[in-house]
Amino acid sequence: MSDFDEILETEEDKVTQGVPELVKVLAILSYIGHGFLIIIMLVGMAFFASASNSSLGALMGAQMNGMLGVIIVIFILFIGLSIISIIGAAKMQKGKKIGFVLFAIGSGLLGVFFLLSGAQQFTNLVLGLIIIGMVIAFGTQLKHLK
């Protein structure tokens, strides 16, 4: 065979490969993890909203309303970052590299937030490490995406 034929064969192999199974598995794990985080944040928002109307809210007085606003903004920020991560994972599952940028922004910021709060709870430290690990795992598969 000539060099030209060998180049054509390797180009055809690359076209038929598709998205690796690892990217598909990581995307599904990302959907589950970030979906679960969104549900937890929505439940937390509902809890704090109902707590402001209960005896706890009456006990704290005006401080509760100010604190509630900050807590709701943080929950909305976490939900937004999770949605960006889900969109990025979906794009990577379709074989697009731009999905990694979205996933890295959303999950990277979430991972940093969890790592910074890891001093308060060990669970946050573990979640932060898992999220950063997912970003690194997706990053190793970038060569297979277009």
Side-chain angles (χ1 to χ4, degrees), residues 7-146:
I7 291 172
L8 285 178
E9 287 177 5
T10 57
E11 300 260 337
E12 289 173 2
D13 291 341
K14 288 181 182 177
V15 171
T16 58
Q17 274 183 340
V19 179
E21 291 297 316
L22 181 60
V23 172
K24 293 177 184 177
V25 169
L26 288 171
I28 290 170
L29 290 174
S30 177
Y31 300 150
I32 293 168
H34 286 288
F36 189 65
L37 184 63
I38 289 172
I39 291 170
I40 289 172
M41 293 298 142
L42 290 173
V43 168
M45 284 173 55
F47 170 76
F48 280 107
S50 67
S52 67
N53 297 330
S54 69
S55 60
L56 176 66
L59 180 67
M60 293 189 70
Q63 292 176 343
M64 183 66 175
N65 289 334
M67 188 172 65
L68 181 65
V70 172
I71 290 171
I72 296 296
V73 167
I74 291 171
F75 284 157
I76 291 172
L77 176 70
F78 275 40
I79 290 171
L81 291 174
S82 289
I83 290 172
I84 290 171
S85 298
I86 289 172
I87 291 170
K91 287 191 180 285
M92 282 190 288
Q93 191 175 13
K94 292 179 183 175
K96 300 185 184 207
K97 269 188 185 178
I98 189 68
F100 179 73
V101 174
L102 295 172
F103 186 81
I105 290 170
S107 291
L109 288 174
L110 279 173
V112 168
F113 290 145
F114 279 121
L115 285 176
L116 290 176
S117 66
Q120 301 297 320
Q121 289 184 341
F122 180 73
T123 310
N124 289 347
L125 180 65
V126 171
L127 283 175
L129 291 174
I130 289 171
I131 291 172
I132 298 297
M134 291 282 288
V135 173
I136 293 170
F138 269 125
T140 62
Q141 299 300 311
L142 275 178
K143 61 186 171 200
H144 301 293
L145 303 175
K146 47 185 164 164

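Keep in mind it's a predicted model, so treat the numbers as computed, not measured.
Annotation for Val23 and Phe138: closest pair O-CE2, 3.8 Å, computed over non-hydrogen atoms. Residues Met134 and Ser30 share a closest heavy-atom pair of CE-N, 3.8 Å.
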Which atom pairs, donor and acceptor, lie under 3.5 Å between side-chain atoms of residues 123-130 and protein residues at least two apart or in another chain?
from: Asn124; atom 1: ND2; to: Ser117; atom 2: OG; distance (Å): 3.2

For residues 73-93, run the donor-acceptor check on the side chains, cut-off 3.5 Å, and write out each pair with its distance to 0.1 Å, sequence neighbours left out.
from: Ser82; atom 1: OG; to: His34; atom 2: ND1; distance (Å): 3.4
from: Ser82; atom 1: OG; to: Phe78; atom 2: O; distance (Å): 3.2
from: Ser85; atom 1: OG; to: Leu81; atom 2: O; distance (Å): 3.0
from: Ser85; atom 1: OG; to: Ser107; atom 2: N; distance (Å): 3.0
from: Ser85; atom 1: OG; to: Ser107; atom 2: OG; distance (Å): 3.0
from: Gln93; atom 1: OE1; to: Tyr31; atom 2: OH; distance (Å): 2.6

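Atom CD of Glu21 and atom NE2 of His144 lie 12.0 Å apart (nearest 0.5 Å). Distance CZ/Phe103 to CG/Leu26: 7.5 Å, rounded to 0.5 Å. Atom CD1 of Ile131 sits about 12.5 Å away from atom CD1 of Ile136, to the nearest 0.5 Å. Between the NZ atom of Lys94 and the NZ atom of Lys24 there is a distance of 13.0 Å, given to the nearest 0.5 Å. In this structure, CZ on Phe48 lies 4.0 Å from CD1 on Ile71, to the nearest 0.5 angstrom.
Shown here are the salt bridge (Lys or Arg N to Asp or Glu O under 4.0 Å) partners of Lys96, two or more places apart in sequence or in another chain: there are none.
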